[in-house]
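Beneath this line is the structure, given in structure tokens, with notes to follow.
Values below: all heavy atoms of this structure, side chains included; hydrogens, waters and symmetry mates excluded.
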Amino acid sequence: MALVRRSAQALLDSVDRLHTVLEEQARIQFESGVAAAEVRSWQNSLPAFLTDVVDAGLGHVEVLLEHKLPHNPKRVDVILCGTHPRRGTPSYVLVELKQWSSAEPAGGDLVKVPQYSEPVLHPVEQVRRYCQYLVDSTPALAEQPGTVHGLAYLHNALQHGVWRLTQYQMDDYGQLYTLDSRSKMVDRLRSLLDTDPSSRDAASKAAEDLLNFRHAPSKPLLNLAAREIREREQFVLLDEQQVAYSLVVQAVERARASRRQTVVVVLGGPGSGKSVIALSLLGELARRGRSVYHATGSSAFTNTMRKLAGARAPRVRSMFKYFNNFMDSPPRELEVLICDEAHRIRETSVNRYTKAEARQRARRQVQELIDAALVPVFLLDEHQVVRPGEMGSLEEITAAADALGCDVDVVRLAGQYRCGGSEFFDAWSEGLLGVGRRPATPWSDLVTRSDEDFVVHAAGSPSELEAWLRAQQSELGGTARIAAGYCWRWSDPVVVNGVKVLVPDVKIGDWERPWNAKPDKRVPDAPESHYWASDERGFGQVGCVYTAQGFEYDWAGVIFGDDFVRRDGEWVARRQFSHDPAVKKATDEHFHALVRNTYKVLLTRGMRGVCVYSTDPETQEYLAAMAR
């Protein structure tokens, strides 16, 4: 999906108002305005670049402006679509335009630009990763090597102002050009795109094909976790993701040199790539010989990582720990501790199995985690706290780090990489639950004028919800799961005819299904609770937030129970319908927030679509209206 598509010559002919057209299209397609800085960049960069393209004899090529990457919120500034001058096959050039007049390397793949307070990704690396991601997400392009190319153009810069940036490693996916190397850029474009005006129709078809190519879902985290640890680059990190990754790697090297402890906090919403960053770091730092562990507060997530990462290398399983494994760690025992799902940090690591002497010397869990490593890394979403006692937040971590005399680096991730990369769904789900500034809006009103891939559906019954998920799997492929609010009892398995089976506790009318198996209650033909989200046998049971959080599947079915209902246009949390013993102990205000966060987590597990249903008639009416 692009904001604007026309020939290079047509765009140049209307260049004086092109920024206005882009701004209007952004308002229509994104349902929001764009920053003044982005409008200025269009005004300053597009005339210069389009003039160069037309001067190169490529006025007939098709141009896509602000093209959204598949299943991803990131946009490529420009894609030139044409045919290769020698092969006659489709050829695409991705272009990132920068207004910078000067820039300096900031270590690794980061650069420091005067107008930005923080380092940003090297423009060559940025466009290279966009190319990698586009090919990786588009089977038709992956089957045609040499079809996609990339370049970054600093049209206001002279080489002597950024000469050290030009020393950066370049390849077919990433080349760097400046104002005084414009002629080389023109030669490069002519070598990739046919200058013959008679290729106009072929260029138009190439653009049409690109806009209509089938896109496979982004690579599921769990399926490639093991290979990521061993082989690197199984995931393509984009923009803030790569910045976060690079900042952590730099912090490790800096802290090792100075022996000064540095805490890194990475903030991001559901599906923004936190766990991808965590696993990429784990693999890279381990390969560099750094002492590093991955830790979470989630039994399901940790056990799944251990199983997948250690499938062929069991020793790797020991790299995955729990937050409470570091109660007795000597200070800075590790070089790096990667704390994934850090919103699940608890006040203390003490539990019912903790010995009395250990209880006496126990500290706050966040202090234990910080003390355990030279560079503790916390990746979290403050809106995913779903249990009392969970207290992982920027404020808590920063206060603890300050008290211990540590440096603190904070990285904020933008965008939505789950849910098809849909910015619409992120806004829709927040509006639906009343957690954002945007009011609740029917799904169709948000996506009427877009090429939205993500699917939202409301079912009239749990049977219809289950049938919808099966149909999506059958017709479109992928994985599906049903999850629900914790509004039914969760029984131990029973023995029937000599066989242990799950009890169908989740009963709605004549439809009934069991919860997923309990962690310590194994049942034949059902996955352990840790693997409910990743084992194909999990579709037969209903998952709860504790088995769904941290995972993703293609098609998500979400059953709203009677603990969270609509009354007089507002959400009401009802303690009497909750069967979660921990959450029921929370204060009224905290209970409401925990239940709301629970449904936010469940809604944002799907990569390709979600189907919702409520057991409460008034709430069901609301969901149906919002999902239409």
Side-chain angles (χ1 to χ4, degrees), residues 269-271 297-298 300 341 343-347 380-393 425-426 428-440 458 462 465 481-490 505-508 515-516 532-533 542-551 556-606 610-624 626-627:
S298 166
E341 299 277 300
H343 39 267
R344 304 197 69 173
I345 289 173
R346 304 187 69 80
E347 184 174 359
L380 67 138
D381 174 6
E382 296 178 305
H383 297 297
Q384 284 200 51
V385 172
V386 297
R387 300 193 73 177
E390 293 179 346
M391 52 190 306
S393 68
F425 183 74
D426 205 30
W428 179 84
S429 60
E430 290 184 355
L432 180 80
L433 298 174
V435 297
R437 290 175 292 180
R438 180 188 293 275
L465 179 144
R481 294 293 183 274
I482 300 173
Y486 201 164
C487 298
W488 294 265
R489 62 176 307 209
W490 190 5
D505 286 315
V506 184
K507 298 180 179 181
I508 306 170
W515 287 111
N516 56 261
W532 168 82
V542 178
C544 68
V545 69
Y546 305 123
T547 45
Q549 189 172 34
F551 297 94
V558 181
I559 297 175
F560 283 69
D562 287 344
D563 61 344
F564 204 51
V565 298
R566 294 290 289 184
R567 293 293 183 266
D568 300 321
E570 301 288 341
W571 283 105
V572 177
R574 303 193 295 183
R575 189 187 308 272
Q576 68 270 32
F577 293 102
S578 174
H579 282 258
D580 189 325
V583 172
K584 290 179 69 172
K585 297 176 183 177
T587 63
D588 287 346
E589 182 179 1
H590 196 202
F591 177 80
H592 185 283
L594 292 174
V595 174
R596 180 198 62 206
N597 287 355
T598 291
Y599 287 106
K600 179 68 161 62
V601 170
L602 298 183
L603 282 170
T604 53
R605 298 305 94 193
V610 64
C611 184
V612 294
Y613 166 77
S614 175
T615 55
D616 176 73
E618 186 174 336
T619 309
Q620 173 63 15
E621 184 178 349
Y622 170 73
L623 294 179
M626 292 301 104

So, does His343 use its side chain to make a donor-acceptor pair with the main chain of Asp381 at under 3.5 Å?
yes
Shortest non-hydrogen separation from Lys507 to Trp488 and the atoms involved
O-NE1, 3.3 Å
Centroid separation Tyr546 to Trp515 less than 6.0 Å:
no
Spacing of Thr598 atom OG1 and Asp580 atom CG [to the nearest 0.5 Å]
7.5 Å
Side chain Trp428, main chain Ala627, donor-acceptor under 3.5 Å
no
So which atom in Leu433 and which in Tyr599 form the shortest heavy-atom distance, rounded to 0.1 Å?
CD1-C, 4.0 Å
Quick check: are there more than 12 heavy atoms from other residues, nucleotides or ligands sitting under 6.0 Å from CD of Glu618?
yes
On a heavy-atom basis, which atom in Leu465 and which in Ile482 lie closest, and how many Å separate them?
CD2-CG1, 3.9 Å
Which of parallel (below 30°), tilted (30 to 60°) and perpendicular (above 60°) describes Phe564 and His592?
perpendicular
Decide yes or no for Arg481 and Trp532: does some side-chain heavy atom of the first lie under 4.5 Å from some side-chain heavy atom of the second?
yes
Hey, what do you get for CZ (Phe560) to OG1 (Thr619), rounding to the nearest 0.5 Å?
8.5 Å
Heavy-atom nearest pair, Leu603 first then Ser429, reads CD1-CB, 4.4 Å
Please check this pair: side chain of Tyr622 against backbone of Leu432, looking for a donor-acceptor N/O pair closer than 3.5 Å.
yes
Measure the shortest side-chain to side-chain distance between Val542 and Trp490 over non-hydrogen atoms and say whether it is less than 4.5 angstrom.
no
Value rounded to 0.5 Å, distance of CE in Met391 from CD in Glu347:
5.0 Å
Atom CD in Glu589, atom CG in Leu594: separation rounded to 0.5 Å?
10.5 Å
Hey, is the main chain of Gly434 close enough, under 3.5 Å, to the side chain of Arg596 for a donor-acceptor pair?
no
Nearest heavy-atom approach of Arg575 to Asp588 is NH2-OD1, 2.6 Å
At what distance, to the nearest 0.5 angstrom, does SG of Cys544 lie from CD of Gln549?
10.0 Å
Main chain of Asp562, side chain of Arg574: is a donor-acceptor contact present, judged purely on distance under 3.5 Å?
yes
Hey, what do you get for OG1 (Thr604) to CD (Glu430), rounding to the nearest 0.5 Å?
9.5 Å
N/O donor-acceptor pair under 3.5 Å between Gln620 side chain and Ser614 backbone
yes
State, to 0.1 Å, how close Phe577 and Asp563 come at their nearest heavy-atom pair, and which atoms those are.
CB-N, 3.9 Å
Side chain proximity check, Ile508 to Ile559, heavy atoms < 4.5 angstrom:
yes
Got a donor-acceptor contact below 3.5 angstrom from the Arg489 side chain to the Asp505 backbone?
no
